[in-house]
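We name chains A, B, ... by the order of the sequence lines, and we start the count at 1 in each one.
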Amino acid sequence: MPDLAGRPFYDARPDPDGGIAAWTLDDLCDFAAAAGDPYGGRLAGGHFAISTEGWGADRLPPFSLQLEAGEPPVWVGVDGSELAQWSTALERLLARWGVNAGDTVGYYEYGSSPLVLLSAGSYVPGLGRGATDRLGADMFCNDGMGNMALRMAEAIRVVAPAAMVVRADVAAPLTEALEMSGVWLPDVLRWAAITVPDGAPFPADVARWSERWGLPVRRLLRADAAFLLAGDCPACELFHVDGEFYDLEPLPGGDLAVTTRFATTTPAVRYNLGSGEMVPAGCPEEPEAPRLRWI
Amino acid sequence: MTAGFAEPFDGLDRLSPEALVGWWGERLGEVLRVAAAEVPFHRRRFPAAGFDPATFKTLDDLAAVPLMYKADVLAAQRAGGALAAGIERLGPTPGRIVTMSSGTSGTSFLRWPREWRETQGASSLRAHWWAGLRPGTPFLLVAPGWHVYAAVQSYIVEQLGLPGVVVSGTYLPRFSDRILEAVRRFRPRFLILFLPMVFSLLAEGRRQGLAATDVFGSVERLVVTGAPITAGMRDHLQASTGVERVVELAGSSENLLAAECGAAPGLHVVPDTCHVEVLDADGEGGRGRVVHTTMVPWGSMYIRYDGGDIGTLDAGPCPCGLPSPRLKILGRAEHEFVLAGRRWLPYDVQAAIEEEHPDLAGATFAISTEGLAAGRLRLLFQPPGDGSTSALEEMLIRRLGERFGVAVEMRFPRTLPLMMKGVTPVVSERDVRA
């Protein structure tokens with residue numbers, strides 16, 4: 001656990017037990033807007049700002065990422081070690097879903113998405129090897145615009161990825177483009193996964209895409225503000241959480257919080273994931289993995 | 001001489017032009033031998049064209065190497081898929097990225113191993129160094145994931161130890177509010193942008209009630225890519241952003257890279273990225289087809305590749321001291337049109353307008369295909385801010401008519417997309433709202 005003292009966001013969030021009050025993305029955005037601090041007061045050493053003369057730039061984290069979710073936009077900071085562990089969470093998730101050496105994973109998602117960035121070390125300064133790199137797999141990213149759907153269909157036909165990860169908001173244009181291009185996904189892919197910028201896609205939507213595309217469609221659970229990445233399990237259908245990196249706790253009222261052990265630059269302590277419940281470990285696929293049902 | 005050139009990047013920058021020709025010859029010989037030995041696409045094509053890499057000694061021998069075109073790559077891709085197109089040399093390090101070429105003639109998929117990233121990254125760092133990038137500034141990583149530059153810019157950030165900043169979404173006008181927020185928050189001294197994004201940021205700034213200095217106030221070097229800029233466009237960019245130094249950088253997914261020094265017209269070819277020829281030029285230094293050859297023997301190897309660009313190459317000495325010739329890409333061959341028996345590019349019309357009327361530098365306009373079909377130059381022109389068009393119309397019709405030797409017509413649609421600003425398209429009037 002990093003030292004939270006002197007980080008304005010956490011200084012402002014004591015709970016009656018002497019700990020930190022759980023918080024949501026809205027809390028962070030509100031705090032960032034009020035303080036004029038793009039990191040929402042999570043950096044060590046007080047509020048962050050670069051003056052017009054440029055002072056303050058030396059306090060920037062090695063890598064800063066603007067979150068897609070939340071308004072106004074907030075930023076997280078990470079160093080190489082944090083990137084490596086965050087990408088390991090993705091690597092383990094992809095491995096569990098069956099990505100092997102020699103495969104290619106295609107992303108129909110923005111190049112700025114943590115999923116893409118953490119996948120290949122080529123994209124991120126200081127990451128070294130990314131998730132697909134370590135699995136011995138290749139990857140591509142088509143960008144996440146709906147008008148790029150035909151190009152994604154062409155990429156699937158030509159590059160023949162074993163798996164693809166798709167933003168929920170471009171799944172419909174992709175489906176049209178696949179039909180226009182005569183690409184039948186099961187001829188190429190083993191599975192697809194759907195992602196949203198914050199949280200997880202609805203199971204009913206995923207079931208619909210699975211039926212339409214004729215192949216298994218997995219769900220990703222993301223909380224980028226807390227560096228959480230989790231994938232559902234084909235066997236138990238619950239989200240498996242990497243116990244090495246993330247601590248889950250139930251909150252009063254039926255919500256769940258996560259604390260991310262590797263997050264030190266902009267720590268994520270007691271981030272409220274929303275409504276969900278912890279499920280005891282014991283899935284036959286990963287008997288030790290903590291699990292959650294996200295509602 | 002600019003400040004940047006007081007510090008050559010390395011010894012390659014200090015070679016004489018003659019020594020660089022020798023260096024290129026040696027390096028190209030090695031690239032050709034690797035391609036013939038290890039890259040199936042070239043192993044087939046070289047002997048079919050009667051070319052033996054063992055006979056390659058100097059740049060004078062380059063003419064024997066067969067030209068390749070995007071259609072060749074697409075055909076190989078169709079036949080074998082991206083994995084079997086046979087144009088790639090992939091190293092032993094696992095984890096490659098696949099990127100995509102842009103353009104209207106079909107998408108090719110390029111594969112890049114880590115070995116390529118190290119070599120190309122070092123060369124691209126040279127281009128950024130020329131453009132004035134130095135340690136001590138945050139760096140906005142602007143390339144979308146599908147573009148090869150995404151891998152290069154991260155290497156540059158690593159090597160210079162710059163704080164890397166990634167904006168959510170992608171670098172298109174729809175996300176200009178987020179990009180604007182990042183520029184204002186992190187105050188980069190060096191900013192590289194796709195040309196239309198500069199205007200999108202200015203428009204977003206105006207929407208938010210900000211002056212140009214509120215947006216670009218920290219930026220000392222504004223590097224623009226994606227379209228050739230005219231002299232007037234450079235002045236317009238400087239005036240509208242307040243940035244003192246605007247640098248043009250040209251590149252392609254297929255390993256073309258050139259950057260401007262500012263000491264003389266044109267963009268210096270980055271010698272350890274590529275060698276460039278201009279073929280079928282109309283005289284020494286005249287315009288012709290740009291053909292380039294990778295100097296990086298990894299990944300997708302494009303050798304004597306005619307990517308469809310039209311440009312000029314000036315091999316004369318440059319006051320900045322860099323030895324490589326200066327390339328100026330003027331447009332795409334597919335956008336060429338004929339007026340009064342001569343070939344022109346939209347760039348020529350843009351340059352002519354700003355020469356005739358400097359206040360129109362940076363004006364947004366398009367060239368009508370219907371007009372060209374009738375043998376006329378018909379311009380779809382964004383009206384001036386004050387709405388007055390008659391004086392402008394009279395002047396341009398007369399002066400451009402004299403220059404291009406055809407009748408000139410003007411149309412003033414209510415508005416043109418911002419994406420057309422600085423990137424003059426040849427479009428059907430049906431595609432532009434009245």
Side-chain angles (χ1 to χ4, degrees), chain A residues 38 49-52 54 56-58 60-69 72-73 75 77 101-102 104 106-107 109-113 116-117 119-127 129-130 132-145 148 151 154-155 157-161 197, chain B residues 77-78 81-83 85 90 93-100 106-109 111-114 116-117 121 136-139 141 143-147 150-159 161-170 172 174-175 177-178 181-182 185-189 217-218:
Chain A
I50 295 179
S51 76
T52 51
D58 55 343
L60 277 171
F63 191 71
S64 295
L65 181 65
Q66 187 186 45
L67 303 183
E68 184 181 352
W75 296 74
T104 297
Y107 290 89
E109 165 65 301
Y110 293 121
S112 57
S113 160
V116 174
L117 294 168
S119 195
S122 288
Y123 287 142
V124 185
L127 172 58
R129 297 174 70 198
T132 51
D133 300 336
R134 285 192 296 266
L135 290 168
D138 299 346
M139 63 85 66
F140 69 85
C141 166
N142 180 54
D143 219 352
M145 304 285 285
M148 296 293 172
R151 191 173 70 177
E154 177 71 354
R157 189 182 68 76
V158 174
V159 183
Chain B
Q77 199 171 266
R78 269 195 301 275
L83 284 169
L90 304 177
T93 310
R96 296 126 189 167
I97 58 168
V98 181
T99 65
M100 305 171 196
T107 302
S108 54
F109 297 90
R111 301 176 74 82
W112 308 110
R114 289 303 286 250
W116 171 86
R117 180 178 182 262
T137 175
F139 189 95
L141 294 119
W146 60 267
H147 199 281
V152 166
Q153 61 179 5
S154 70
Y155 175 91
I156 291 168
V157 166
E158 274 174 7
Q159 294 302 307
L162 309 178
V165 173
V166 169
V167 181
S168 70
T170 194
L172 287 173
R174 182 178 138 191
F175 296 92
D177 58 336
R178 290 188 162 244
E181 198 254 355
R185 290 288 195 192
F186 296 106
R187 305 192 59 78
R189 298 208 303 268
S218 67

Flag the one option from B:Phe139, B:Trp112, B:Phe175, B:Tyr155 with the top tally of heavy-atom pairs under 4.5 Å to chain A. B:Phe175
Counting heavy-atom pairs under 4.5 Å to chain B, which of A:Ala120, A:Pro197, A:Gly136, A:Ala155 comes out on top? A:Ala155
Whatever's closer than 4.5 Å to a heavy atom in chain B on A:Pro62 counts as backbone
Structural part of B:Arg178 lying under 4.5 Å from a heavy atom of chain A: both
Inter-residue atom distance A:Glu109.CD - A:Asn142.CG, 0.5 Å rounding: 11.0 Å
Please evaluate residues A:Asp133 and A:Met139 with respect to the criterion side chain to side chain contact (heavy atoms under 4.5 Å, CB included), reporting the C-alpha separation (whole Å), side-chain torsions for both, the decisive distance (0.1 Å), and the verdict. CA-CA 9 Å; A:Asp133 300 336; A:Met139 63 85 66; 5.8 Å; no
Side chain, backbone, both or neither: which part of B:Arg174 has a heavy atom under 4.5 Å from chain A? side chain
With chain A, the option among B:Val165, B:Leu172, B:Ile97 that has the most non-hydrogen atom pairs under 4.5 Å is B:Ile97
Examine whether an atom of A:Val124 lies under 4.5 Å from a heavy atom of chain B, and if so say whether it belongs to the side chain, the backbone or both; otherwise answer neither. backbone
Test log, rule side chain to side chain contact (heavy atoms under 4.5 Å, CB included), inputs B:Trp116 and B:Arg96: CA-CA 10 Å; B:Trp116 171 86; B:Arg96 296 126 189 167; over 6 Å; no
For A:Pro61, is it the side chain, the backbone, both or neither that has a heavy atom under 4.5 Å from a heavy atom of chain B? backbone
Could you check if a side-chain atom of B:Val166 sits within less than 4.5 angstrom of a side-chain atom of A:Ser112, using non-hydrogen atoms only? yes
Classify the side-chain pair B:Arg117/B:Ser154 by whether it contains a donor and acceptor separated by less than 3.5 Å. yes
Checked B:Gly169, B:Ala150, B:Pro144 vs chain A; the most non-hydrogen pairs under 4.5 Å come from B:Gly169
Give, as side chain, backbone, both or neither, the part of A:Met145 having an atom under 4.5 angstrom from any heavy atom of chain B. side chain
Is any side-chain heavy atom of A:Val159 closer than 4.5 Å to a side-chain heavy atom of B:Arg111? yes
Please classify the contact of A:Ala137 with chain B as side chain, backbone, both or neither, using a heavy-atom distance under 4.5 Å. backbone
So, the part of B:Ala143 with a heavy atom under 4.5 Å from chain A: the answer is neither
Answer with side chain, backbone, both or neither: which region of A:Ala49 has an atom nearer than 4.5 Å to a non-hydrogen atom of chain B? neither
If we ignore angles and hydrogens, is there a donor and acceptor under 3.5 Å between the side chains of A:Tyr107 and A:Ser113? no
Using a cut-off of under 4.5 Å for heavy-atom pairs, which of A:Gly111, A:Ala101, A:Pro125 has the most such pairs with chain B? A:Pro125
To the closest 0.5 Å, what do you measure between OG (A:Ser122) and CG (A:Leu117)? 12.0 Å
What part of B:Thr170 lies closer than 4.5 angstrom to a heavy atom of chain A: side chain, backbone, both or neither? both
N-O pairing of A:Arg157 and A:Glu154 below 4.0 Å: yes
Aromatic A:Trp75 / basic B:Arg185 pairing, under 6.0 angstrom, 45° off normal: no
